[in-house]
Trainee: 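The structure under discussion is supplied below as structure tokens; questions concerning it will follow.
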Amino acid sequence: MEKKRAQWGSKIGFILAAAGSAVGLGNIWKFPGKAFEGGGGAFLLMYLLIVPLIGMPAMLSELAIGRASGSNVVDAFPRLGHKGFAWIGWVGWIVAFIITCYYAHVGGWVLRYVFSYALEPRSVYADPLGYFYNMLGYNAAADAGFFPWPVLIFAFLFMAICAVVIIKGVEGGIEKFNKVGMPALFIILLILFARAATLPGAGEGLRYMLSLDWSKVTPQTFLIALSQAFYSLSLGMSIMVTYGSYLSEKEDIAKNSFLICTMDTLVAVIAGFIIVPAVFATLGPDGVGKGGGFAFVSLAGVFENMPGGAFFGLLFYLLLLFAALTSAVSLIEGIVAFLIERKGWGRTPTTIVTCAVMFLVGCLYTCSQAAYPLKGIWFDFANGVTYPALCDAMEFLTDRVMIPLCALGCCVFVGWVWKPETAVTEVERCGTRFRLARAYGFLIKYIAPVSILVILGVSLFTGTTLS
């Protein structure tokens with residue numbers, strides 16, 4: 001007898017888990033900088049149009065594939081009668097594995113900074129860049145690397161937390177964790193927004209984020225907004241197909257897709273209204289940046305010059321920690337679900353072994369940041385064969401190729417093979433008519449795949465990263 005497949009225990013549990021998957025580090029440390037560079041309100045306006053027109057149909061498609069197949073991402077397409085498209089699932093599974101290898105270590109950095117701001121904020125303020133490099137295993141004074149045991153221990157702890165959640169299962173682990181983690185994330189987000197908005201001088205940053213500075217908008221800006229929407233919503237990573245497979249037919253996945261996209265977008269926008277005004281008030285407009293370097297190094301100056309900065313710095317890194325954990329858990333679940341169903345292994349040993357392997361591979365990512373000159377290999381048509389740091393090569397592979405390729409495959413599959421009408425039938429199994437069916441069909445057949453092709457083409461032919 002086939003074992004009954006796990007299901008979500010409640011609608012809110014699924015929505016919070018899926019939203020938690022979508023809300024990641026990129027919402028908080030990349031989106032604000034991109035919005036600033038893209039003209040403030042002008043970038044926000046573009047982003048708010050892209051999400052419902054392109055991101056939401058793609059998410060709806062992945063959830064529909066998952067529920068219709070009732071399977072892990074690799075077996076989903078064969079179960080729907082199309083074995084030739086199993087490659088999409090394999091790409092999604094592999095990209096989830098690679099991302100988790102390094103994402104868990106970045107989560108470990110975040111966890112380390114939670115302790116840093118709780119115990120020694122003055123040490124961070126004294127030399128933000130030196131503190132960050134020292135954490136990663138680089139001693140500037142000796143001009144030599146050393147093995148970064150301390151930060152690897154924090155990465156191990158981060159991965160252990162994820163493993164415990166996964167072991168407890170879909171309803172007992174992932175759902176319960178997100179019912180706590182996501183409300184906590186929003187509470188911290190609102191506290192930080194209140195603090196940032198009331199800083200002396202923050203008004204200039206708030207006005208900028210609400211203004212439409214079209215002088216900074218270029219075709220590249222649109223592509224960056226488009227790319228941010230796909231990466232932010234966790235599309236092309238096997239997550240939504242896996243999470244969709246745990247849904248009952250009573251769930252309205254069209255409505256749920258809207259709620260998930262809205263929550264994810266809300267976090268990104270609020271983060272923009274926290275970071276940009278806070279930086280304007282403390283460091284000035286030139287201090288706004290994006291990415292890990294900005295989050296771990298530049299923001300130290302913001303918290304140092306902010307009344308109660310150590311406390312709000314601690315809250316900020318707790319916010320990042322919740323975002324990292326909810327995303328990492330969803331990535332790991334997609335990997336584990338496949339191994340359990342395909343190999344028949346138990347959830348506990350599968351989770352432990354999988355997390356251990358990903359942690360060990362991720363150690364190379366952290367070591368290549370500063371401690372050791374580990375190199376990867378990369379190719380694009382603009383620069384030919386290059387040998388970037390291993391950490392960069394891992395991100396290039398996932399962000400520039402595998403994620404857009406998997407997302408493109410899903411859109412083409414639903415739009416031209418499985419057919420939008422079939423997807424709409426799956427959506428309407430809950431008993432509610434999908435009133436936007438015709439618009440959805442057009443968007444998933446033409447607009448979404450063309451948009452992803454543009455992202456893929458720009459990345460491979462110009463060597464430019466849009467993530």
Side-chain angles (χ1 to χ4, degrees), residues 23-33 35-36 105-136 150-151 153-155 157-158 161 181-202 205-206 209 267-327 369:
V23 173
L25 296 175
N27 294 66
I28 300 167
W29 75 23
K30 285 187 178 181
F31 184 89
F36 170 77
H105 279 257
V106 177
W109 306 354
V110 174
L111 182 58
R112 174 68 179 91
Y113 266 67
V114 169
F115 282 85
S116 297
Y117 273 83
L119 302 175
E120 52 179 17
R122 293 183 182 277
S123 297
V124 182
Y125 299 156
D127 183 8
L129 183 60
Y131 190 93
F132 180 62
Y133 274 140
N134 187 64
M135 177 189 74
L136 294 178
V151 73
I153 292 173
F154 280 98
L157 292 174
F158 181 92
I161 295 170
M182 285 304 291
L185 185 149
F186 273 99
I187 291 171
I188 294 173
L189 200 67
L190 293 176
I191 293 172
L192 289 172
F193 173 71
R195 171 68 279 191
T198 54
L199 286 172
L206 289 170
M209 289 296 289
V267 171
V269 172
I270 295 176
F273 278 91
I274 292 171
I275 300 296
V276 174
V279 175
F280 267 61
T282 53
L283 304 179
D286 293 338
V288 180
K290 58 181 182 289
F294 172 69
F296 291 110
V297 178
S298 302
L299 282 180
V302 173
F303 297 126
E304 182 180 15
N305 292 289
M306 178 189 297
F311 172 72
F312 289 105
L314 174 61
L315 284 183
F316 175 77
Y317 289 103
L318 282 173
L319 173 69
L320 286 182
L321 181 61
F322 281 119
L325 283 169
T326 53
S327 293
Q369 290 281 342

Trainee: How far does OG of Ser298 sit from CZ of Phe132, to the nearest 0.5 angstrom?
Mentor: 10.5 Å
Trainee: Do Tyr317 and Leu321 make a side-chain contact, defined as non-hydrogen atoms from C-beta onward lying under 4.5 Å apart?
Mentor: no
Trainee: Sequence neighbours left out, what passes salt bridge (Lys or Arg N to Asp or Glu O under 4.0 Å) with Arg112? Give chain and number order.
Mentor: Glu120
Trainee: What closest approach, in Å, do Leu119 and Pro121 show between heavy atoms, and which atom pair accounts for it?
Mentor: C-CD, 3.6 Å
Trainee: With a 4.5 Å heavy-atom cut-off, do Pro307 and Arg195 have their side chains touching?
Mentor: yes
Trainee: Looking at Ala196 and Pro277, what are the two nearest heavy atoms and their distance?
Mentor: O-CB, 4.4 Å
Trainee: If you take all heavy atoms of Gly201 and Ala281, which pair is closest and at what distance?
Mentor: C-CB, 3.9 Å
Trainee: First locate atom CG of Leu319, then atom CD1 of Ile28, and finally report the distance between them rounded to the nearest 0.5 Å.
Mentor: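 One finds 4.0 Å between CG of Leu319 and CD1 of Ile28.
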Trainee: Should Phe294 and Ile275 count as side-chain neighbours, where that means a heavy-atom distance under 4.5 Å?
Mentor: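 Yes. Closest side-chain heavy atoms under 4.5 Å.
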Trainee: If you define the side chain from C-beta out and look only at heavy atoms, does anything of Val297 sit under 4.5 Å from Tyr131?
Mentor: no
Trainee: Shortest non-hydrogen contact from Val151 to Met135?
Mentor: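 So the minimum-distance heavy-atom pair works out to CG1-O, 3.3 Å.
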Trainee: Return the minimal non-hydrogen interatomic distance between Gly309 and Tyr125, and the atom names on each side.
Mentor: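 Between these two residues, the closest heavy atoms are C-OH, 3.7 Å.
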Trainee: Check for a donor-acceptor pair, side chain of Ser327 on one end and backbone N or O of Val23 on the other, with a separation under 3.5 Å.
Mentor: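 Yes; at least one donor-acceptor contact below 3.5 Å.
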Trainee: Angle between ring planes, Trp29 versus Phe296, binned at 30° and 60°: parallel, tilted or perpendicular?
Mentor: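 If you compare the ring of Trp29 with that of Phe296, the planes turn out perpendicular.
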Trainee: With rounding to the nearest 0.5 Å, note down the distance linking CD1 in Ile191 to CD1 in Ile274.
Mentor: 10.0 Å
Trainee: Are any side-chain N or O atoms of Asn134 and backbone N or O atoms of Gly130, one a donor and one an acceptor, separated by less than 3.5 Å?
Mentor: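 Checking the backbone N and O of Gly130 against the side chain of Asn134, no donor-acceptor pair under 3.5 Å is found.
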Trainee: Within the 4.5 Å heavy-atom criterion, are Trp109 and Phe158 side-chain neighbours or not?
Mentor: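 Not in contact.
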Trainee: Looking at Phe154 versus Phe115, is the centre-to-centre ring distance below 6.0 Å?
Mentor: yes
Trainee: Starting at CG of Leu185, measure out to CG of Leu190 and round the result to the nearest 0.5 Å.
Mentor: 9.5 Å
Trainee: Can you check side chain to side chain contact (heavy atoms under 4.5 Å, CB included) on Val288 and Phe280, steps first, answer last?
Mentor: CA-CA 8 Å; Val288 180; Phe280 267 61; 4.1 Å; yes
Trainee: Would you give the length of the straight line joining atom CD1 of Ile270 to atom CZ of Phe31, rounded to the nearest 0.5 angstrom?
Mentor: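 Going from CD1 on Ile270 over to CZ on Phe31, the span is 11.0 Å.
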Trainee: Between CG of Leu320 and CD1 of Ile188, what distance do you get to the nearest 0.5 Å?
Mentor: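 So the gap between those two atoms works out to 9.5 Å.
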Trainee: Closest heavy-atom contact between Gly33 and Lys290?
Mentor: CA-CB, 4.0 Å
Trainee: Does some side-chain heavy atom of Leu299 sit less than 4.5 Å from a side-chain heavy atom of Val279?
Mentor: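 Side chain of Val279 against side chain of Leu299, heavy atoms only: contact under 4.5 Å found.
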